[in-house]
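Taking it in order: structure first as structure tokens, then the write-up.
Counting convention: from 1, in listed order, for ligands and their atoms alike. Along the sequence shown, residues are numbered consecutively beginning with 1. Note that this is a predicted model, so its numbers are computed, not measured.
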Amino acid sequence: MQKLIRSQMKPEIQVFAKLEALTHAAATEFVQKAQQAIQARGRFTVVLSGGSTPKSLYALLATQLWRDQISWNQVHLFWGDERHVPPNDSSSNFRMAQEQLLFQVPIPQENVHRIKAENSDAQAVAAEYERDLKQFFQLGEHEFPRFDLVLLGMGANGHTASLFPGTAAVHEQTRLVVAPWVEELNSDRITLTPPVINNANTIIFFVTGVEKATTLKAVLEGQHQPDRLPAQIVHPAQGNVIWMVDQVAARLLSTAVSLTPD
Ligand code: 6PG
């Protein structure tokens, strides 16, 4: 029997003993959101996260049992952020999703809206992706896209997407996409901005690993300091946030309990 913790704040925290159970629950949410959006609006717009944690989800969605539950020709894939590298680079978030998911599902090429980070000018990459979003969502001046689902991870330093501690990107309120220089990575990144993320219908955070326990507690139960903990900037206006975390990442949370043991 699953037990959900509803904190005072809106976020819902789901804790899983094992990655398999977390991945299965995440795939269930993905399929449900896809079917609901397609039924309601004829399409499902989803933002994929990068890093390593979502790999198992993408791989599970690519399996026959799961992929056949989604009509991929009505799915539009976007990315929350990208490393400033070409799409065939081993650190490319697009490449990871391509290998784990895109190569195995019947999604039309034109439904894959990647960040074209092969351009050496990171600011131009961000500007192009902003134009792509404005065109796809037919946005007017000062309007933000409303994604059906945004997937996010969290770094041990509290960053999410490529909103890193101490960067101006954390406080961006007008642009849809920016290209912050990230000192600690000695590199540019390209990222969706907080107002875009916070305009989503549903946001799911995946957080696993003991190295993230202290940060997760600070983000969910600590003082509001988004400069130091950018993941705290995620507060959807009308949508909901689900934190899917494993037991070791949740071990310091004062409200969390273990969910499905195995
Ligand atoms: C990226 C991500 C980033 C990621 C976190 C967590 O490009 O790296 O989008 O925000 O979600 O760094 O990464 P892990 O899942 O690898 O811990």
A side-chain contact here means heavy atoms from C-beta on lying under 4.5 Å apart; do Leu192 and Asp81 qualify?
no
Test of understanding: given a 4.0 Å heavy-atom threshold, classify the contact between Leu152 and ligand 1 as side chain, backbone, both, or neither.
neither
Nearest heavy-atom pair of Val219 and Trp243: which atoms, and what distance?
CG1-CH2, 3.8 Å
Is there a heavy atom of Arg189 sitting under 4.0 angstrom from any atom of ligand 1?
yes
Residue pair Val75 / Thr45, side-chain heavy-atom distance below 4.5 Å:
no
Nearest-neighbour protein heavy atom for atom 6 (C) of ligand 1, which is reported as residue plus atom name and distance
Met154 O, 3.6 Å
CA sep, side-chain torsions, deciding dist, call: Phe103, Tyr58, ring pair (Phe, Tyr, Trp, His ring centres under 6.0 Å):
CA-CA 11 Å; Phe103 282 152; Tyr58 302 160; over 10 Å; no
Only one of Asn240, Leu152, Leu149 passes side-chain contact (heavy atoms from CB on, under 4.5 Å) with Ile204; say which it is.
Leu149
Checking contacts here: is it the side chain or the backbone of Arg83 that comes within 4.0 Å of ligand 1, counting heavy atoms only? Could be both or neither.
side chain
Ser49 N/O under 3.5 Å from ligand 1 N/O
no
Based purely on interatomic distance, does Ser162 place a nitrogen or oxygen under 3.5 Å from a nitrogen or oxygen of ligand 1?
no
N or O pair under 3.5 Å between Gly155 and ligand 1:
no
Would Thr160 count as a polar contact of ligand 1, with the cut-off being nitrogen or oxygen pairs under 3.5 Å?
no
If we only consider heavy atoms of Gly80, is any one of them less than 4.0 Å away from an atom in ligand 1?
no
Sole residue of Tyr129, Phe94, Phe147 in ring-ring contact (aromatic ring centres under 6.0 Å, His included) with Trp79:
Phe94
Ion pair Glu130/Arg175, N-O distance below 4.0 Å
yes
Of the side chain and backbone of Ala156, name the one, both, or neither that has a heavy atom under 4.0 Å from an atom of ligand 1.
neither
